[in-house]
Amino acid sequence: MSDPVSVLLVSGSTRSASAGAAALRTAASVAPDGVRTELYQRLAELPVFNPDHDVDPLPPLVADLRGRIAAADAVLFCAPEYAGSLPGAFKNLLDWTVGGEEMYGKPVAWLTVAPEGRGDGASATLATVLGYLGTVVIEPALARLPLPSTAIGADGTATDDQFRAGLTEVLRAIQRHVAASR
Ligand SMILES: Cc1cc2nc3c(=O)[nH]c(=O)nc-3n(C[C@H](O)[C@H](O)[C@H](O)COP(=O)(O)O)c2cc1C
C-alpha cells in the first residue's frame with residue numbers, strides 16, 4: 001500500500017473562534033482513507049518577518065514552519081479577508097516562506113468559508129502570493145464551502161453535513177493530485 005498523502009492545514013486567522021480554523025480542524029474527521037492531516041497552530045507565535053533574520057540559524061519557529069511544509073505532500077490554506085486582502089499575521093507567515101525552497105513546486109489549495117460575494121480579495125491575494133512562491137495550485141481542490149458560526153459545534157468542528165462532504169471532496173482532490181504526481 002502506498003504512503004498516506006500528508007496535508008498541512010494552515011489557517012490564516014488568529015481568532016480563537018475562527019471559522020477557517022474550525023473548517024480545517026474538521027478535516028481530520030472527514031479525511032478519506034489514505035489522507036493524513038496536520039493542523040498548523042503557531043501562526044500567532046511567529047516573529048515579525050525581517051529579512052535580517054532570514055538567515056542561518058533561522059528563528060526556531062520559522063525553521064519549524066519550513067520543516068512542516070517540507071514534510072507535507074500538500075498544503076491547504078483557509079484565510080479570512082481583512083480590508084480586501086490577507087490578514088497581516090498570515091501574510092507574515094507567507095513572507096517567512098519566501099526565502100526557503102519548501103514552497104517551490106508544493107501542491108497547494110485554499111478553502112473559502114465566507115459566503116458568496118465575500119472573501120474574494122483574500123483569495124485573489126493568496127493566489128498572487130502563492131504564484132510568487134512557485135507553488136502548484138490544485139485547481140479541482142479550490143472550493144467555497146460557507147461555514148457560518150451556527151454550523152460549528154462545541155468541539156470546534158463543523159457540524160453541517162454538506163460542509164463536511166464538501167471538505168472530504170477537497171481532500172480527495174488533493175489526494176488524487178498527489179497520487180498522480182508520485
Ligand atoms: C479587521 C477586519 C477586516 C475585515 N475585512 C473584510 C473584508 O474586507 N472583506 C470581507 O469579506 N470580510 C472582511 N472581514 C470579515 C472577516 O473576513 C470574516 O469575519 C471572517 O469570517 C473571519 O475569519 P475567521 O472566522 O476565520 O477569523 C473583516 C474582519 C475584520 C476583523
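Start at 1 and go down the list; that is how both ligands and their atoms are numbered.
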K.L.:
Give a yes/no verdict on whether any heavy atom in Gly119 is under 4.0 Å from an atom of ligand 1.
P.N.:
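It does; at least one heavy atom falls under 4.0 Å.
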
K.L.:
Measure the distance from atom 27 (O) of ligand 1 to every protein heavy atom, then report the residue, atom name and distance (to 0.1 Å) of the closest one.
P.N.:
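Protein heavy atom with the smallest distance to atom 27 (O) of ligand 1: Ser13 OG, 2.6 Å.
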
K.L.:
Have a look at ligand 1 and work out which part of Ala83, if any, has a heavy atom under 4.0 Å from it: side chain, backbone, both or neither.
P.N.:
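Within the 4.0 Å criterion, Ala83 contacts ligand 1 through backbone atoms alone.
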
K.L.:
Is the contact between Arg15 and ligand 1 made by the side chain, the backbone, both, or neither, using heavy atoms and a 4.0 Å cut-off?
P.N.:
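The answer is the side chain of Arg15.
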
K.L.:
With heavy-atom distances below 4.5 Å as the criterion, would you say the side chains of Leu65 and Thr97 are in contact?
P.N.:
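They are in side-chain contact.
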
K.L.:
At a 4.0 Å cut-off, with the gap strictly under it, does some heavy atom of Gly84 reach an atom of ligand 1?
P.N.:
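The answer is yes: ligand 1 sits under 4.0 Å from a heavy atom of Gly84.
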
K.L.:
Using 4.0 Å as the upper bound for N to carboxylate O, is an ion pair formed by Asp73 and Arg182?
P.N.:
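Result for this pair is yes, salt bridge flagged.
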
K.L.:
Would one find an N or O of Ala19, backbone or side chain, under 3.5 Å from an N or O of ligand 1?
P.N.:
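Such a contact does occur with ligand 1.
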
K.L.:
Passes salt bridge (charged side-chain N to carboxylate O under 4.0 Å, His left out), Asp120 versus Arg144? Steps please.
P.N.:
CA-CA 10 Å; Asp120 294 332; Arg144 182 186 293 276; 2.6 Å; yes

K.L.:
Show the atoms of ligand 1 that are less than 4.0 angstrom away from any heavy atom in Gly20.
P.N.:
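Those atoms are 26 (O).
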
K.L.:
Could you tell me whether Phe90 and Phe77 have their ring centroids closer than 6.0 angstrom?
P.N.:
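Ring centres of Phe77 and Phe90 closer than 6.0 Å.
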
K.L.:
Salt bridge or not between Arg118 and Glu81? Use side-chain N to carboxylate O under 4.0 Å.
P.N.:
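No salt bridge links Arg118 with Glu81.
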
K.L.:
Closest non-hydrogen protein atom to atom 31 (C) of ligand 1, residue and atom name please, with distance?
P.N.:
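Scanning the protein heavy atoms, the shortest distance from atom 31 (C) of ligand 1 goes to Tyr82 CE1, 3.8 Å.
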
K.L.:
Are any of the N or O atoms of Pro80 closer than 3.5 Å to those of ligand 1?
P.N.:
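In fact, backbone or side chain, Pro80 has no N or O that close.
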
K.L.:
Could you tell me the residue and atom name of the protein heavy atom closest to atom 17 (O) of ligand 1, and the distance to it rounded to 0.1 Å?
P.N.:
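The closest one turns out to be Glu81 O, 2.7 Å.
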
K.L.:
Which residue supplies the protein heavy atom nearest to atom 10 (C) of ligand 1, what is that atom called, and how far is it?
P.N.:
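In this structure, atom 10 (C) of ligand 1 has Arg118 NH2, 3.4 Å as its nearest protein heavy atom.
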
K.L.:
If the threshold is 4.0 Å, N to carboxylate O, is there a salt bridge linking Asp54 and Arg66?
P.N.:
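Between Arg66 and Asp54 there is a salt bridge, with a charged N closer than 4.0 Å to a carboxylate O.
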
K.L.:
Is there side-chain contact between Leu94 and Leu86, with heavy atoms separated by less than 4.5 Å?
P.N.:
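With C-beta onward as the side chain, the pair touches.
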
K.L.:
Considering only protein heavy atoms, which is closest to atom 26 (O) of ligand 1, and at what distance to one decimal place?
P.N.:
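Looking at atom 26 (O) of ligand 1, the protein heavy atom closest to it is Ser18 OG, 2.6 Å.
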
K.L.:
Taking the basic N atoms (NZ, or NE/NH1/NH2) and the acidic carboxylate oxygens, is any pair closer than 4.0 Å for Arg164 and Asp160?
P.N.:
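Result for this pair is no, no salt bridge flagged.
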
